[in-house]
Amino acid sequence: MNPLILAQEIIDGRRITRKDDLSFFLTCDLDELCEGADRIREAYIGDKVDLCSIINGRSGRCPENCKYCAQSVHHHTSCEIYDFLPEEKILEACKMNEEEGVDRFSIVTAGKALTGKEFDQAIHAYETMYKECNIDLCASMGFLSSEQLHRLHEAGVTSYHHNIETSRRNFPNICTTHTYDMKIETLKKVKAEGMCACSGGIIGMGETWEDRLDMAVSLAELGIDSIPINALMPIPGTPLEHLDQLSEQDILRTIAFFRYINPEANIRLAAGRALLTNDGETAFKSGASATITGNMLTTVACATIRSDRKMLSDMGRNVTPEYWKEVEES
């Protein structure tokens, strides 16, 4: 099978399943695979690049033992530790991202789940942002109940992020304090609530190529709308600190076959963009259609958002958020 022929078949309606010979993606010509992935991206997503930004709403002291994470109490890192941020600080960051033209803004919190008083604080912060801002709102707060997801939805949150991280087979090698099935159930609740489901994972954690393919198919089976792909940046003090960083070719091959397997999803660049040419330009020519931009430091975030927007504009991509268009039309 030629990658370009397969790409056209997918554009014409074919879908890849577990029954297909997925090993093809690991042996075919990389340049052709990436070109085909870009054609699929153009057909299903178009030139719009979805930009999202996050704020770390609660940091550190996480009881889970995910091997990649700096915020776990099981590891010895220099992670910053603080409780849920004041609403004023969150609102300030949200408004800055809106001014810079980011499509969506998310509060992300460490821990198994955000509950109690802090969850109520988050709801109030979202209600305020929804009232005062036009930017799309997202959340990433762990294993929430259906009732909590409904409260977020009512407060203005349209998308919920919850990574499956890796394949079902490999998951116990990465985390033992919660299960892969718990993650799947949370994502099913997100879909049932009618929110955009955002879920992906991390590559470069010692998994096999088959694990990466399995993760891509699992996300397709769940009907995930947005798929963040992180390339592990090993953090000192975590169990994965000594792993080698991935090559650009391996990252691009992964992004490309994720696009073939999930043709209608936003394939979102996340951690590890520094491992790619021009901070990810090659990935946007290989099937990627979205990215996380900026960071928690306001002044640096502005510069990062602007450089991302310029790079993508120079590529001919559309980086105008819908809410800017709505203001112009009104």
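These numbers were taken from a predicted model, which means no experiment stands behind them.
The residues E281 and K285 are annotated as salt-bridged, a charged nitrogen and a carboxylate oxygen being separated by less than 4.0 angstrom. The pair R259-D38 does not count as a salt bridge, with every side-chain nitrogen at least 4.0 angstrom from each carboxylate oxygen. Comment: D20 engages R14 in a salt bridge, judged by a side-chain N to carboxylate O separation of less than 4.0 angstrom. Ion pairing between a basic and an acidic side chain is recognised when a charged N comes within 4.0 Å of a carboxylate O; R151 and E147 show no such pairing. Using a 4.0 Å cut-off between charged side-chain N and carboxylate O, R104 and D50 make a salt bridge. Salt-bridge annotation for E221 and R18: present, with a side-chain N of the basic residue lying under 4.0 Å from a carboxylate O of the acidic one.
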- Task: Assess whether side-chain hydrogen bond (donor to acceptor under 3.5 Å, both in side chains) is satisfied between S289 and R41, documenting all intermediate values.
- Result: CA-CA 7 Å; S289 58; R41 184 273 311 163; over 6 Å; no
- For side-chain hydrogen bond (donor to acceptor under 3.5 Å, both in side chains), just list the numbers for S53 and N97, CA-CA rounded to whole Å, side-chain angles, deciding distance to a tenth of an Å, and then say yes or no. CA-CA 7 Å; S53 183; N97 279 281; 2.9 Å; yes
- Task: Starting from the C-alpha separation in whole Å, work towards a yes-or-no answer on salt bridge (Lys or Arg N to Asp or Glu O under 4.0 Å) for D211 and R169.
- Result: CA-CA 7 Å; D211 288 319; R169 183 206 69 83; 2.5 Å; yes
- Does the pair H161 and N163 meet the rule for a side chain to side chain contact (heavy atoms under 4.5 Å, CB included), with working shown? CA-CA 7 Å; H161 167 262; N163 277 351; 2.9 Å; yes
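Without hydrogens or angle criteria, N262 side chain to A220 main chain gives a donor-acceptor distance under 3.5 Å. Although no hydrogens or angles enter the test, the distance criterion places a donor-acceptor pair under 3.5 Å between the side chain of E241 and the main chain of G237. Counting only distance, with no hydrogens or angles, the side chain of T186 and the backbone of M182 share a donor-acceptor pair below 3.5 Å. Under a 3.5 Å cut-off, the side chain of Y160 and the backbone N or O of M141 do form a donor-acceptor pair. Within the 3.5 Å criterion, the main-chain N or O of S145 finds a donor-acceptor partner in the side chain of Q148. In this structure, the side chain of E98 engages the main chain of I135 through a donor-acceptor pair within 3.5 Å.
In this structure, D244 places its CG atom where only 12 or fewer heavy-atom neighbours from other residues, nucleotides or ligands lie under 6.0 Å away.
Applying the side-chain contact (heavy atoms from CB on, under 4.5 Å) test between L269 and each of D279, I255, I229 identifies I255 as the sole match.
Side-chain contact, D181 with T179: no donor N or O sits under 3.5 Å from an acceptor N or O.
Between H162 and F143, the ring-plane angle classifies as perpendicular under the 30° and 60° cut-offs.
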